[in-house]
Structures are given as structure tokens and as C-alpha cells.
Amino acid sequence: MEIINWKELLYPYEQAVEELLLKFKNLDKECRHLGIYSPVDSVTGRLKTPASILDKAGRKHIAPEHIEEEIEDIAGIRILCQFVEDIQKVVDMVRSRRDMTIVQEKDYITNTKASGYRSYHIIIRYPLSTALGPKEVFAEIQIRTNAMNFWATAEHSLRYKYSGNIPQELQDRLHNCAEAAFHLDQEMSTIREEITNAQRLNEI
Ligand code: GTP
Ligand code: MG
């Protein structure tokens, strides 16, 4: 078994998370500065832990020397939006950027997962300028509403407690909760639209 130098392996990813956090937070700041609506409500970032990397490598039969090419979410950024329609605006912003390359998009909002999970994922290649020269790393950007995030974080911690095997009856109820959260999102969007329309009429 090859011994992994975690400090060396993770450092570029830590740098990527820091840079991406700064960039997406700045996007929000810039919108406020320009007085235009910001589709970004909040941004968080995280580094996958060695235990979680090893667990995923084991599940997906990835050899230690292939971790960097095969595991795309060692660096992770999560962008939370207030409204469902803001997600597309963030996606467009990511698509138009020149400082990162999109390699894959996964739309779990249109294609909701069997669990009820909804989110928009973008896998990018992100170029770094390290002390040892240029290096490109993968990063995963998850874009979701606060309601989708409320469900996903709660479901994740519950699934963790059950170590993966949640009884079907509870899975069904969790699925219902995801639908309720999405209903909330849709209703908030409808209300927003009605308020915007009423405002427009007032302006005429
Ligand atoms: P992993 O699920 O990370 O092994 O990778 P994958 O290649 O299967 O990618 P996928 O797009 O399915 O999931 C990536 C990430 O989305 C996960 O690491 C979770 O953060 C999140 N995710 C996917 N499905 C679910 C789900 O059913 N519930 C929750 N809470 N999160 C999910
Ligand atoms: Mg998965």
C-alpha cells in the first residue's frame, strides 16, 4: 500500500478553495456595488478529508496514484441562492468565466435524484499558479437554493447516522420533505414574480 503524502496532495486544493471562495464572494460584492441584483446569497467552501477521499477511492476502485485525476470533488464550493431562478443566473456566470473550464454539468434539479436531492453541479478544471509552477485541479461547484440546502444537509447528517441504510419508510418521508422544500421554493418564486409585476405596474 502506497503511503499518501496528504499535506502535499491537499495543498493545491486548499489554495483552489480559497481562491474560488474569494472570487464568488467578490461576484456578490460587485453586484451590490453596481446596484444590480445578486443571484448569490452565500458561498462556502470545503476540502474533502483524507478519510472521505480514501472512502470514495475504495468505493469507486480508484488506485491511490489516480486520486487526483479521478476524484473531482476534493475541492468543493457551494453557492446558495434565494430563488430557484437564480441558480441559472449563477450557472451562466460560471459558464462565461475565463479563469476556469467547465468539464461537466449535472442538473439534479431537472433530473431530481431518487432520494429527492436537488442541486446543480458543475465540475471545473481550475488553473493554479503554485510555488512549484502551474497546476490544474478539479473542483466541484454545487449551486442550490437555501431550501434545497436545508434538505440536503439534514438528509446527509441523518444518512450518516444510519451509516447508509435508511429504512424505506423513512426514505419515503425524506423524499416527501424534499418535495415540500421544492414546493416552498416554487411558491416563493411565484410570490416574487407577482411582487415584481405589481411594482412594474406602479412605475407606469
Ligand atoms: P459522490 O456521491 O460524492 O460519491 O460522487 P458522485 O460521482 O456519485 O457524484 P454525485 O453528483 O452523485 O454527488 C456529488 C455530491 O452531491 C455528493 O458528494 C453530495 O454532496 C451530493 N449529493 C448527491 N446525492 C445526494 C443525496 O441523495 N443526498 C445528499 N444530501 N447529497 C447528495
Ligand atoms: Mg453520488
Side-chain angles (χ1 to χ4, degrees), residues 4 6 9-10 12-14 16-18 20-21 24 40-81 84 86-88 90-91 94-95 100-126 136-185:
I4 301 170
W6 289 109
L9 183 121
L10 291 177
Y13 294 92
E14 192 183 329
V17 169
E18 273 179 30
L20 288 165
L21 262 179
F24 286 109
V40 176
D41 190 40
S42 61
V43 193
T44 55
R46 69 99 184 93
L47 207 56
K48 216 175 178 72
T49 60
S52 172
I53 294 171
L54 285 178
D55 176 62
K56 189 162 178 172
R59 270 191 289 124
K60 305 208 166 185
H61 308 289
I62 298 163
E65 61 271 26
H66 294 141
I67 283 174
E68 291 204 74
E69 303 111 77
E70 301 281 341
I71 299 187
E72 298 160 333
D73 64 343
I74 295 176
I77 294 292
R78 189 170 287 159
I79 302 174
L80 301 185
C81 305
V84 184
D86 294 342
I87 296 173
Q88 191 56 48
V90 176
V91 172
V94 177
R95 283 183 186 150
M100 53 192 79
T101 317
I102 296 177
V103 292
Q104 198 186 0
E105 292 188 22
K106 302 187 216 176
D107 181 356
Y108 296 132
I109 296 167
T110 309
N111 309 299
T112 309
K113 285 203 155 194
S115 61
Y117 178 75
R118 281 183 179 84
S119 191
Y120 199 101
H121 295 184
I122 302 179
I123 308 289
I124 58 160
R125 289 292 283 170
Y126 185 70
E136 255 191 20
V137 293
F138 278 118
E140 181 180 75
I141 304 172
Q142 300 184 340
I143 310 158
R144 47 169 91 141
T145 62
N146 288 315
M148 291 171 190
N149 190 52
F150 157 74
W151 181 88
T153 50
E155 189 259 4
H156 184 264
S157 63
L158 289 174
R159 194 146 40 95
Y160 194 77
K161 282 197 187 108
Y162 258 102
S163 54
N165 296 311
I166 304 178
Q168 190 58 47
E169 191 252 341
L170 293 181
Q171 279 191 45
D172 292 345
R173 283 163 65 190
L174 279 169
H175 190 274
N176 289 343
C177 289
E179 294 308 304
F182 194 56
H183 180 72
L184 204 63
D185 267 337

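Whatever order the structure lists ligands and atoms in, that order sets their numbers, starting from 1.
- Between His156, Lys48, Gln142, Gln104, it is Gln142 that holds the heavy atom closest to atom 19 (C) of ligand 1.
- Here the side chains of Ile87 and Met148 are in contact, with some heavy-atom distance below 4.5 Å.
- Asn176 has its side chain out of reach of Leu174: every pair of non-hydrogen atoms, C-beta onward, lies at least 4.5 Å apart.
- Under a 4.0 Å criterion applied to the non-hydrogen atoms of Arg159, ligand 1 contributes the atoms 26 (C), 27 (O), 28 (N), 29 (C), 30 (N).
- Ligand 1 has a nitrogen or oxygen under 3.5 angstrom from a nitrogen or oxygen of Ser115.
- In the vicinity of Lys60, heavy-atom distances shorter than 4.0 Å reach the ligand 1 atoms 4 (O), 5 (O), 6 (P), 7 (O), 8 (O).
- Taking a cut-off of under 4.0 Å to the non-hydrogen atoms of Lys113, the atoms of ligand 1 that pass are 10 (P), 12 (O), 23 (C), 24 (N).
- Close contacts between ligand 1 and Tyr108 involve ligand atoms 10 (P), 11 (O), 12 (O) [criterion: under 4.0 Å to a heavy atom].
- For ligand 1, the atoms closer than 4.0 angstrom to any heavy atom of Lys106 are 7 (O), 9 (O), 10 (P), 11 (O).
- Residue Glu155 places at least one N or O, backbone or side chain, under 3.5 Å from an N or O of ligand 1.
- Using a 4.0 Å cut-off between heavy atoms, Glu72 makes no contact with ligand 1 at all.
- Partner of Tyr117 under the side-chain hydrogen bond (donor to acceptor under 3.5 Å, both in side chains) criterion, out of Arg144, His156, Glu155: Arg144 alone.
- Considering backbone and side-chain N/O atoms, Lys56 comes within less than 3.5 Å of an N/O atom of ligand 1.
- Put simply, the side chain of Gln171 gets close to the backbone of Ile166: a donor and an acceptor are under 3.5 Å apart.
- To the nearest 0.5 angstrom, Lys106 atom NZ is 12.0 Å from Tyr120 atom OH.
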Q | Test log, rule side-chain contact (heavy atoms from CB on, under 4.5 Å), inputs Arg78 and Gln142 | A | CA-CA 5 Å; Arg78 189 170 287 159; Gln142 300 184 340; 2.9 Å; yes

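- Of the polar atoms of Glu140, none of the N or O atoms is found under 3.5 Å from an N or O of ligand 1, judged by distance alone.
- A salt bridge links Lys56 with Asp73: the closest approach of a Lys/Arg side-chain nitrogen to an acidic carboxylate oxygen falls below 4.0 angstrom.
- Here Asp73 has side-chain heavy atoms under 4.0 Å from ligand 1, and that is the only part of it that gets that close.
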